[in-house]
Amino acid sequence: MKIYLDLVFFLNFAFDFILLFAVGILLKQKVPWYRVLLGSALGAVSIFFLFLDLTSFTLFLLKMIVSIFMVLATFSYKNMRIFLKQISYLYLVSIILGGGLYFINIQLSYQNSGIVFFHNGLSINFIMILVIAPIIIWWYVKEQMHYKNIYTNIYTVKISYRKKNYILKGYLDTGNHLRDPYKKRSVLLIEKGKIPIEEENIIYVPYAALNHQGIVKCSKVDKIEIGNHTYKNMLIGIMKDTFKIEDIDCIIPSHVKEDMNG
């Protein structure tokens, strides 16, 4: 069997480049292209360890050391906490990519007859790998960024109203700038049925969304606690529709973000 070292080196270089690039995106760290290329080149060199007479444990240690130098060359060292996060994400993304490619390869190269599986001679070649690998990483990064954006903005909301406390799960939406036109009080939007509001306390607040306008029924409550902050001058608005974000009961006003970051 012939082994083309230049092809193997290029394939590993491409993999390492995809991995390091994905780690930079996930950690929101802007890294110059030449540093990603340098880290990828260091990682690709490790492929030549396979041609040395080394034990599996020694090979594992060498690869660990190379991965450390990859991270340092790409992101540089800031502190131990950030470094451990970078190296952890590198391994995590590597596992996702490796597992995804392995699964696809198994699906293509094996057939079954009943409970008997046999190899059909097909497998993904290096060209398919170069095409599929970025797709797997793109999907993973996209999902991670989506959930990271959602779940880092979720807070426990405690509403005190008529001597009763209601515990809800709220999403801090930077697009929620709704305020009542009378006293400029911000509005916490809540799904209908979560809190029984008495009709005599209703305040009507107009709103305007994309190609849509309407009126929200609002009410003043005793106080609203979001995280470590307490608000006594915030209204709650009752929404007729359910929120699209799973398990979310209310939408927190945008100005609360400043309090959380303060």
Is there a chain of hydrophobic side chains (I, L, V, M, F, W, Y, each step under 4.5 Å between heavy atoms) that links Ile167 to Val256? no
Supply the atom-to-atom distance Ile65 CD1 to Ser46 OG, rounded to the nearest 0.5 angstrom. 11.5 Å
For the OH atom on Tyr91, are there more than 12 heavy atoms of other groups (residues, nucleotides or ligands in this structure) within a distance under 6.0 Å? yes
Minimum heavy-atom separation for Tyr161 to Glu198, with atom names? OH-N, 3.5 Å
For a side-chain contact (heavy atoms from CB on, under 4.5 Å) check, start with the C-alpha distance between Ile203 and Tyr182, then their side-chain angles and the critical distance, and finish with the verdict. CA-CA 10 Å; Ile203 300 171; Tyr182 318 107; 3.7 Å; yes
Note, Thr55 side chain near Phe60 side chain (heavy atom, < 4.5 Å): no
Atom NZ of Lys78 with >12 non-hydrogen neighbours under 6.0 angstrom: yes
Quick check: do Tyr140 and Leu97 have side-chain heavy atoms less than 4.5 Å from each other? no
Heavy-atom neighbours of Phe57 CZ exceed 12 at 6.0 Å: no
Applying side-chain contact (heavy atoms from CB on, under 4.5 Å) to Phe9 and Val45, what does each step give before you reach the verdict? CA-CA 7 Å; Phe9 178 86; Val45 169; 4.2 Å; yes
Check whether any side-chain heavy atom of His255 sits under 4.5 Å from a side-chain heavy atom of Tyr231, and report yes or no. yes
Is the backbone of Ile190 close enough, under 3.5 Å, to the side chain of Asp249 for a donor and an acceptor to pair up by distance? no
Any Asp180 side-chain heavy atom under 4.5 Å of Cys218 side chain: no
Are Phe48 and Leu38 in one and the same hydrophobic cluster, where Ile, Leu, Val, Met, Phe, Trp and Tyr link if side-chain heavy atoms are under 4.5 Å apart? no
Is there a path of hydrophobic side-chain contacts, each under 4.5 Å between heavy atoms of I, L, V, M, F, W or Y residues, that connects Ile197 with Ile215? yes
Between the main-chain N or O of Leu178 and the side-chain N or O of Asn176, is there a donor-acceptor pair closer than 3.5 Å? yes
Can you establish whether the number of heavy atoms outside Phe13 located under 6.0 Å from its atom CZ is more than 12? yes
Closest heavy-atom contact between Ser160 and Asn165? OG-OD1, 2.8 Å
Main-chain N/O of Lys232 paired with Lys220 side-chain donor or acceptor, under 3.5 Å: yes
Less than 4.5 Å apart, any side-chain heavy atom of Phe75 and any of Phe83? no
Do Phe17 and Trp33 have ring centres separated by under 6.0 Å? yes
Of all heavy-atom pairs linking Lys217 and Tyr204, the shortest is CG-CE2, 3.7 Å
Gap between atom CD1 of Ile47 and atom CG of Leu11 - 0.5 Å precision: 8.5 Å
Do Val31 and Phe21 make a side-chain contact, defined as non-hydrogen atoms from C-beta onward lying under 4.5 Å apart? no
Ser94 to Leu19 - nearest heavy-atom pair and separation: OG-CD1, 3.3 Å
Nearest-0.5 Å distance that lies between atom CD1 in Ile87 and atom CE in Met80: 11.0 Å
Arg185 side-chain N/O to Arg179 backbone N/O, donor-acceptor pair under 3.5 Å: no
Please evaluate residues Leu90 and Leu20 with respect to the criterion side-chain contact (heavy atoms from CB on, under 4.5 Å), reporting the C-alpha separation (whole Å), side-chain torsions for both, the decisive distance (0.1 Å), and the verdict. CA-CA 7 Å; Leu90 178 64; Leu20 291 170; 4.1 Å; yes
Are Pro253 and Leu188 close enough that some pair of their side-chain heavy atoms sits under 4.5 Å apart? yes
Look at the side-chain heavy atoms of Ile, Leu, Val, Met, Phe, Trp and Tyr, link any pair under 4.5 Å apart, and say whether Ile25 and Tyr34 land in one connected group. no
Gap between atom NZ of Lys194 and atom CD1 of Ile238 - 0.5 Å precision: 11.5 Å
I need the Ile135 CD1 to Ile137 CD1 distance, nearest 0.5 Å. 11.5 Å
Identify the two heavy atoms, one from Val216 and one from Gly237, that lie closest to each other, and give their separation to 0.1 Å. CG1-CA, 3.7 Å
Minimum-distance pair of heavy atoms, taken over all atoms of Leu54 and Leu62: CD1-CD1, 3.5 Å
Just wondering, do Met70 and Asp16 contact through their side chains at under 4.5 Å, heavy atoms? yes
State plainly whether one hydrophobic cluster holds both Leu59 and Leu52, where clusters connect Ile, Leu, Val, Met, Phe, Trp and Tyr through side-chain heavy atoms under 4.5 angstrom apart. yes
Given Leu27 and Gln86, is the side-chain contact (heavy atoms from CB on, under 4.5 Å) satisfied, shown in steps? CA-CA 8 Å; Leu27 296 180; Gln86 292 165 342; 3.7 Å; yes
Can you tell me how far apart CG (Leu61) and OG (Ser56) are? Round to the nearest 0.5 Å. 11.0 Å
